[in-house]
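Right, one structure below, let's go through it.
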Amino acid sequence: MDYDSNWRDRYKEMVSTAKRAIKRVRSGNRVFIGTGCGEPTELVKALTARSSELADVEIVQFFTRGDALYAQKSHAASFTVNSFFIGQNASDMNQEGYGSYTPVLISNIPDLFYSGQLPLDVVLIQVTPPDVNGKVSLGI
């Protein structure tokens, strides 16, 4: 991949508020949310705030973090959670039939996405601001 000397101009076009970015999520989408400390909390808040506008959005996560507002009964018509690991914050929803569990080895998760076996429509992740070369880090 060649270095893009105009990355700063292209980056400016990508900058958005969480609310505006989440407007791209549509009913029926499968949305992957970054895991644990890497969860983009502002994007998740904006997504949950749109629950009344959305239906049948499947949220895919390695495991749910914190309050996981989207994994509550009040949002069940809008969001279902498909976890690779069921934490306490989503276990009640799964037991009541409002979510699902995909048993898979951690090392095989990327293959689910790359192979198209579990295709994604939207991916919510957080990255660092770009460095002088326009590179970002996925690390927390």
Side-chain angles (χ1 to χ4, degrees):
M1 181 181 213
D2 293 328
Y3 173 72
D4 181 0
S5 60
N6 295 319
W7 72 266
R8 285 182 180 86
D9 294 330
R10 290 185 341 123
Y11 178 75
K12 284 180 187 174
E13 294 171 14
M14 291 185 254
V15 174
S16 175
T17 65
K19 184 176 180 178
R20 199 166 75 221
I22 291 300
K23 286 285 187 188
R24 294 177 176 227
V25 176
R26 302 283 180 248
S27 291
N29 279 171
R30 179 176 285 139
V31 178
F32 178 81
I33 297 178
T35 300
C37 296
E39 181 179 300
T41 54
E42 291 304 311
L43 290 173
V44 171
K45 286 178 191 173
L47 178 65
T48 305
R50 282 199 61 214
S51 67
S52 64
E53 303 169 26
L54 298 168
D56 250 358
V57 173
E58 179 183 359
I59 297 191
V60 178
Q61 278 192 299
F62 177 67
F63 66 89
T64 52
R65 172 188 173 278
D67 293 336
L69 298 175
Y70 50 85
Q72 296 179 4
K73 274 189 192 178
S74 59
H75 298 297
S78 304
F79 307 118
T80 59
V81 179
N82 181 357
S83 298
F84 302 125
F85 173 82
I86 300 174
Q88 182 179 354
N89 52 5
S91 65
D92 290 344
M93 292 295 286
N94 280 12
Q95 289 175 1
E96 295 178 32
Y98 296 108
S100 59
Y101 166 65
T102 300
V104 64
L105 295 172
I106 294 171
S107 60
N108 291 339
I109 292 172
D111 289 337
L112 288 176
F113 304 139
Y114 294 134
S115 70
Q117 192 173 3
L118 190 65
L120 301 172
D121 299 300
V122 178
V123 177
L124 303 180
I125 59 171
Q126 67 179 1
V127 298
T128 63
D131 65 15
V132 296
N133 296 313
K135 305 284 184 184
V136 298
S137 172
L138 295 169
I140 55 170

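- Counting heavy atoms from C-beta outward, Lys23 and Arg50 have side chains that approach closer than 4.5 Å.
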For this session: Please step through salt bridge (Lys or Arg N to Asp or Glu O under 4.0 Å) for the pair Arg10 and Glu13, ending with a clear verdict.
Result: CA-CA 5 Å; Arg10 290 185 341 123; Glu13 294 171 14; over 6 Å; no
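- In this structure, Arg26 CZ and Glu53 CD are separated by 10.0 Å, a value rounded to the nearest 0.5 Å.
- Annotation: side chain of Leu43 is not in contact with side chain of Leu47 (no heavy-atom distance under 4.5 Å).
- Minimum heavy-atom separation, Leu54 to Ser78: O-OG, 3.0 Å.
- Under a hydrophobic clustering in which Ile, Leu, Val, Met, Phe, Trp and Tyr are joined whenever their side-chain heavy atoms come within less than 4.5 Å, directly or via other members, Val60 and Tyr114 fall into different clusters.
- One hydrophobic cluster, built from ILVMFWY side chains closer than 4.5 Å, cannot hold both Leu112 and Leu105; they sit in different ones.
- Rounding to the nearest 0.5 Å gives a distance of 7.5 Å between CD1 of Ile59 and OG1 of Thr80.
- In terms of heavy-atom proximity, Phe32 sits nearest to Phe62 at CE1-N, 4.5 Å.
- The two residues Ile22 and Ala46 make their nearest non-hydrogen contact at CG1-CB, 3.7 Å.
- In this structure, CG in Leu124 is found 12.0 Å from CZ in Arg24, a value given to the nearest 0.5 Å.
- Between Ile33 and Pro40, some side-chain heavy-atom pair lies under the 4.5 Å cut-off.
- With rounding to the nearest 0.5 angstrom, the CD atom of Glu39 is 13.0 Å from the CD1 atom of Ile125.
- Distance alone, capped at 3.5 Å, is enough to place a donor-acceptor pair between the Gln126 side chain and the Cys37 backbone.
- Without hydrogens or angle criteria, Asn29 side chain to Val57 main chain gives no donor-acceptor distance under 3.5 Å.
- Using cut-offs of 30° and 60° for the angle between ring planes, the Tyr70 and Phe79 rings count as perpendicular.
- Taking hydrophobic clusters as Ile, Leu, Val, Met, Phe, Trp and Tyr residues chained together by side-chain heavy-atom distances below 4.5 Å, Val127 does not share a cluster with Val132.
- Taking each heavy atom of Ala55 and Ser27 in turn, the nearest pair found is N-OG, 2.9 Å.
- Scanning all heavy atoms of the two residues, the minimum distance from Val25 to Val31 falls at CG1-CG2, 4.1 Å.
- The shortest non-hydrogen separation linking Ser51 to His75 is OG-ND1, 2.9 Å.
- The cluster map of Ile, Leu, Val, Met, Phe, Trp and Tyr, joined by side-chain heavy atoms under 4.5 Å apart, puts Trp7 and Met14 in different clusters.
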